[in-house]
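Predicted model, so just to flag it, every value in this text is computed and none were measured. Here is how names work: the chains are called A, B, and so on, in the same order as the sequence lines, proteins then strands, and each is numbered from 1.
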Number of protein chains: 2
Amino acid sequence: MNDSVIAPGSTFTIRKETLHDQVADRIRDLIIEGHLEPGTRIDEARLVEQLGVSRTPFREALRTLAAEGLVVIRPSRGAHVRKLSREDIFSMLELLARLESFAAELVCKRATDADLAGLSDLHDRMMGFYAIRDRMPYYKLNQEFHTQLTALTGNSALIETQGNLQARLKRIRFMGNRNPDLWAASVGEHEEMMAALMQRDGNALGAVMERHLLNAWDRVADTF
Amino acid sequence: MNDSVIAPGSTFTIRKETLHDQVADRIRDLIIEGHLEPGTRIDEARLVEQLGVSRTPFREALRTLAAEGLVVIRPSRGAHVRKLSREDIFSMLELLARLESFAAELVCKRATDADLAGLSDLHDRMMGFYAIRDRMPYYKLNQEFHTQLTALTGNSALIETQGNLQARLKRIRFMGNRNPDLWAASVGEHEEMMAALMQRDGNALGAVMERHLLNAWDRVADTF
DNA sequence: GGCGTAAATTTTGTATACATAATACAAATA
DNA sequence: TATTTGTATTATGTATACAAAATTTACGCC
């Protein structure tokens with residue numbers, strides 16, 4: 001039983017995050033949001049100064065990001081924001097396509113009706129933003145849909161891996177989707193997915209999902 | 001053109017590894033080889049002393065291992081060797097099964113005949129050790145077979161993810177396979193895989209591979 | 001003797017200082 | 001002028017020192 005006066009996860013709970021975790025989060029955002037361009041050298045002195053922390057937690061944070069694949073550290077030559085090659089990105093999308101296709105199958109087997117209703121709701125809100133062509137909130141709900149679908153598999157390793165890939169691809173995928181036709185196609189695939197999902201047709205859902213993510217390649221392939 | 005006197009990647013090139021990388025490698029081995037039991041607290045002072053390094057590179061190494069999922073760091077309470085629950089292990093095997101099944105399909109499409117010959121050779125050597133029931137070298141070649149098969153996909157993201165999962169499961173899987181019947185079954189699956197591989201039958205190979213790794217669950221499920 | 005509290009000890013987190021390697025720059029040589 | 005070599009500067013890697021938190025121990029109290 002929970003004896004705490006304060007509800008867990010509320011804004012009152014003092015979340016004690018170490019400095020290096022905060023720094024890692026911060027740099028991760030800077031990279032994902034594009035404030036730190038791929039290939040850029042990470043200027044330790046400058047960032048340390050800007051963030052107001054010492055080098056120790058900063059460097060620990062860098063090691064975390066390196067393990068996550070967002071940053072590359074060359075001994076004695078500093079850290080750079082990892083620059084993904086075409087092949088890297090294709091690899092990641094190809095893998096993500098399979099992972100989420102798998103997730104789709106599992107969800108059809110394992111999720112409760114309430115879970116599916118939640119996804120449906122997410123989908124509807126997303127479509128609301130498509131209707132008025134509001135790109136940013138659409139994009140965010142889209143990400144959330146994929147995250148949530150994966151979460152419902154209950155497979156922690158899958159959830160972690162999908163999350164990592166999604167994070168790494170985040171910026172790149174946001175750059176895509178600016179062509180109205182491609183956006184419409186993407187929306188169409190989402191409609192197909194919802195249909196399959198409601199019937200718990202795992203094979204169909206998996207197939208659409210894989211196609212959906214492989215198509216994502218076409219939507220970003222020319223942007224670099 | 002390459003004017004260098006020394007061939008790149010030759011044994012002459014001095015590879016310089018930082019301390020924290022060496023430490024990370026060392027601790028990783030200690031965990032995988034079982035010298036550091038899951039759940040054990042990682043005694044910073046003692047290990048730092050033993051390894052003869054200062055706390056800074058040691059702690060950076062810990063952060064790397066944490067990102068890899070081998071270690072858990074709780075703020076102000078130190079690091080522990082991650083203890084995998086039944087669910088964790090099942091999750092990882094379930095995912096690995098799908099990943100390698102995917103790898104299998106890709107290899108049938110993309111690998112050269114020489115690549116396949118290499119796998120065949122690996123397989124034969126493995127079977128040689130099975131014939132004399134020499135468990136350790138069999139196990140090592142087995143790992144190498146799965147690694148090599150994945151490598152031949154050319155999908156770097158897949159290679160990385162498979163490697164990480166395999167590393168985390170290494171110790172656990174070595175514990176299994178002691179029952180002669182289960183070992184025999186595993187060997188049978190490998191024979192099936194080679195047959196499918198030689199015909200480049202991606203679907204068949206993928207199916208056997210997935211079954212093979214899901215069966216691995218049964219081989220370890222009772223050991224903890 | 002058990003329990004709760006407070007001091008002492010240990011452990012962890014962060015900052016700083018020092019050592020070493022890489023880069024940039026300038027002078028010297030061909 | 002181009003290239004090389006030595007030197008200064010800067011950046012990175014590692015060790016140590018200090019601060020804050022958690023854990024353990026000791027003590028007083030019921």
Whichever of A/E60 and A/S76 has its nearest DNA chain C nucleotide further upstream toward 5': A/E60

First encountered from the 5' end of DNA chain C, between A/V53 and B/G78: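 Comparing both residues, the 5'-ward one is B/G78.
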
Donor/acceptor link under 3.5 angstrom from B/T56 side chain onto base of D/dA15: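 A donor-acceptor contact between them is present.
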
Starting from [atom2] on [N], measure out to [atom1] on [X] and report it in whole angstrom.
X: B/R46; N: C/dT11; atom1: CZ; atom2: P; value: 11 Å
X: B/L47; N: C/dT11; atom1: CG; atom2: P; value: 13 Å
X: B/L19; N: D/dT16; atom1: CG; atom2: P; value: 12 Å
X: A/L62; N: D/dA11; atom1: CG; atom2: P; value: 15 Å
X: B/H20; N: D/dA15; atom1: NE2; atom2: C1'; value: 14 Å
X: B/E44; N: C/dT14; atom1: CD; atom2: P; value: 12 Å
X: B/R55; N: D/dT16; atom1: CZ; atom2: P; value: 12 Å
X: B/H80; N: C/dT11; atom1: NE2; atom2: C1'; value: 12 Å

Min side-chain heavy-atom separation B/S91-A/L158 under 4.5 Å: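 The answer is no; the side chains never approach within 4.5 Å.
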
Ring geometry between B/Y138 and B/W183 (parallel below 30°, tilted from 30 to 60°, perpendicular above 60°):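 Taking B/Y138 first and then B/W183, their aromatic rings stand perpendicular (interplane angle over 60°).
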
Taking 4.0 Å as the cut-off, does a side-chain nitrogen or oxygen of [X] come that near to OP1 or OP2 on [N]?
X: A/R77; N: D/dA11; result: no
X: A/R63; N: D/dT12; result: no
X: A/S54; N: C/dA15; result: yes

Salt bridge (Lys or Arg N to Asp or Glu O under 4.0 Å) assessment of B/E100 paired with A/R98: CA-CA 11 Å; B/E100 293 204 25; A/R98 263 306 173 99; over 6 Å; no

Sugar-phosphate, base or nothing in reach of B/R41, heavy atoms under 4.0 Å: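 Since only primed, P, OP1 and OP2 atoms lie under 4.0 Å of B/R41, the category is sugar-phosphate.
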
Between OG1 on residue B/T64 and CG on residue B/L70, distance to nearest 0.5 Å: 11.0 Å

Closest heavy-atom pair and its distance - B/R110, A/F90: NH2-CE2, 4.3 Å

